[in-house]
Amino acid sequence: MIGRIVEAEAYGRGDPGSHAYRGPTPRNASMFGPAGRAYVYISHGIHHCLNVVCDAPSAVLLRAVEPLEGLEAMALRRGVDEPRLLCAGPGRLAQAMGITLADDGVPIHRRDRLWIAAGEPVRDMAVTLRVGMSDAVNRPWRFVERGTRFASRGVSGPRR
DNA sequence: GGTAAGATTGTCT
DNA sequence: GACAATCTTACCG
């Protein structure tokens with residue numbers, strides 16, 4: 001399964017919105033590990049979310065991907081046909097790609113499991129407020145490719 | 001030891 | 001637009 005990242009969100013050090021804000025726990029341990037690894041957590045006990053660990057303790061949440069290859073496998077896991085709905089959102093993305101807690105802490109350069117590579121730079125990026133948290137901690141750290149049809153709609157839709 | 005809230009999604013109104 | 005599903009962590013007693 002291959003996809004192009006079209007939406008991401010940043011969580012930094014001293015960030016009240018970050019899971020790492022209140023210190024290490026068994027669940028967020030990966031965020032305090034070496035950079036370039038995956039941090040996978042379960043949201044609301046149902047959905048998996050995939051992050052890439054940067055300079056600890058910080059990470060980037062992958063919110064949406066434009067599916068390129070393996071559409072059938074994704075549709076099978078998701079139980080949805082609409083290509084647009086396959087990876088448009090953190091939980092959806094993880095489900096489509098088959099990401100589980102087993103992938104927590106896995107380096108993102110392992111082509112046999114997780115592989116995130118630099119591709120063509122996305123020139124037209126929109127920067128917006130983050131999604132899914134109280135307004136008090138919102139920061140303009142969400143990045144969406146302008147014009148993509150594959151981003152999550154967010155709370156009030158991506159800005160232009 | 002008990003309760004409230006959360007980096008979400010799908011379904012119903 | 002509102003709410004349930006479901007489980008882990010945070011916080012209070």
Side-chain angles (χ1 to χ4, degrees), chain A residues 1 3-67 70-71 73-108 114 116 122 125-145 148-159:
Chain A
M1 295 166 291
R4 198 165 60 92
I5 300 173
V6 295
E7 182 183 356
E9 223 168 68
Y11 293 88
R13 196 195 310 269
D15 178 358
S18 170
H19 285 173
Y21 183 59
R22 298 174 202 284
T25 67
R27 181 227 214 159
N28 65 20
S30 293
M31 281 191 82
F32 293 84
R37 305 237 180 146
Y39 163 48
V40 180
Y41 73 94
I42 295 181
S43 178
H44 291 66
I46 304 176
H47 305 285
H48 294 272
C49 296
L50 173 63
N51 299 247
V52 178
V53 178
C54 302
D55 193 25
S58 67
V60 174
L61 168 69
L62 305 187
R63 292 193 56 88
V65 159
E66 176 183 344
L71 284 265
M74 294 183 189
L76 199 60
R77 286 186 207 272
R78 294 273 297 111
V80 189
D81 261 347
E82 195 86 27
R84 186 178 175 155
L85 296 178
L86 287 179
C87 306
R92 291 167 173 169
L93 180 159
Q95 187 185 14
M97 298 297 245
I99 303 293
T100 70
L101 290 184
D103 298 296
D104 187 42
V106 171
I108 62 170
L114 260 182
I116 300 178
V122 177
M125 288 289 277
V127 181
T128 77
L129 293 179
R130 293 188 300 194
V131 174
M133 298 176 280
S134 55
D135 293 344
V137 296
N138 269 0
R139 302 186 187 185
W141 287 352
R142 175 180 177 228
F143 306 92
V144 191
E145 183 189 17
T148 183
R149 296 160 26 226
F150 297 95
S152 69
R153 89 174 174 287
V155 170
S156 55
R159 286 197 205 161

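All values reported here derive from a predicted model rather than from experimental measurement. Numbered from 1 within each chain, the chains take letters A, B, ... in sequence-line order.
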J.: Rounded to the Å, how far apart are Y21(A) OH and dA5(B) P?
T.: 19 Å
J.: Figure out the CG/P separation between L93(A) and dA7(B), and round it to whole Å.
T.: 18 Å
J.: Is there a donor and acceptor pair, one atom on the side chain of H19(A) and one on the base of dA7(B), closer than 3.5 Å?
T.: yes
J.: Out of dT9(B), dT6(C), dA10(C), which has the shortest distance to the side chain of I46(A)?
T.: dT6(C)
J.: Choosing from dC11(C), dA7(B), dG10(B), which nucleotide comes nearest the side chain of N51(A)?
T.: dA7(B)
J.: Once rounded to the nearest 0.5 Å, what's the spacing between atom CD1 of I99(A) and atom CG of L93(A)?
T.: 7.5 Å
J.: Once you round it to whole Å, what is the distance between C1' of dT8(C) and OH of Y39(A)?
T.: 10 Å
J.: To the nearest angstrom, how far is R139(A) atom CZ from dA7(B) atom P?
T.: 14 Å
J.: Separation of L50(A) atom CG from dT9(B) atom P, in whole Å?
T.: 13 Å
J.: Return the value, rounded to whole Å, for the distance between atom CG of L62(A) and atom C1' of dA7(B).
T.: 12 Å
J.: If dT6(C) has a Watson-Crick or G-U wobble mate with both distances under 3.5 Å, name it; if not, just say none.
T.: none
J.: Is the ring of Y11(A) stacked on the base of dA7(B), with centres less than 5.5 Å apart and planes under 30° off?
T.: yes
J.: dA10(C) phosphate, OP1 or OP2: any side-chain N/O from R27(A) under 4.0 angstrom?
T.: no
J.: Do you know the tightest heavy-atom contact between E66(A) and V6(A)?
T.: CB-CG1, 3.9 Å
J.: Between dT8(B), dT9(C), dA10(C), spot the one nearest the side chain of H47(A), thanks.
T.: dT8(B)
J.: How is I42(A) classified with respect to the nucleic acid when contacts are heavy atoms under 4.0 Å: base, sugar-phosphate, or nothing?
T.: nothing
J.: Mind calculating the distance between NE2 (H48(A)) and C1' (dA5(C)) to the nearest angstrom?
T.: 14 Å
J.: Among dG10(B), dA10(C), dT8(B), which nucleotide has an atom closest to any side-chain atom of R92(A)?
T.: dG10(B)
J.: Could you state the interatomic distance from CG (L76(A)) to CG (D81(A)), rounded to the nearest 0.5 Å?
T.: 10.0 Å
J.: Could you state the NE2-P distance from H44(A) to dA4(B), rounded to the nearest angstrom?
T.: 16 Å
J.: If I compare all heavy atoms of A59(A) with all of N51(A), which pair ends up nearest, and what's the gap?
T.: CB-CB, 4.1 Å
J.: Measuring from atom CZ of R37(A) to atom CE of M31(A), what distance do you get when rounded to the nearest 0.5 angstrom?
T.: 15.0 Å
J.: Choosing from dT9(C), dG10(B), dA7(B), which nucleotide comes nearest the side chain of R78(A)?
T.: dG10(B)
J.: Are any of R142(A)'s side-chain N or O atoms less than 4.0 Å away from OP1 or OP2 of dA7(B)?
T.: no
J.: Would you classify N28(A) as touching base, sugar-phosphate or nothing, given that sugar-phosphate means primed atoms plus P, OP1 and OP2, and contacts are heavy atoms under 4.0 Å?
T.: nothing
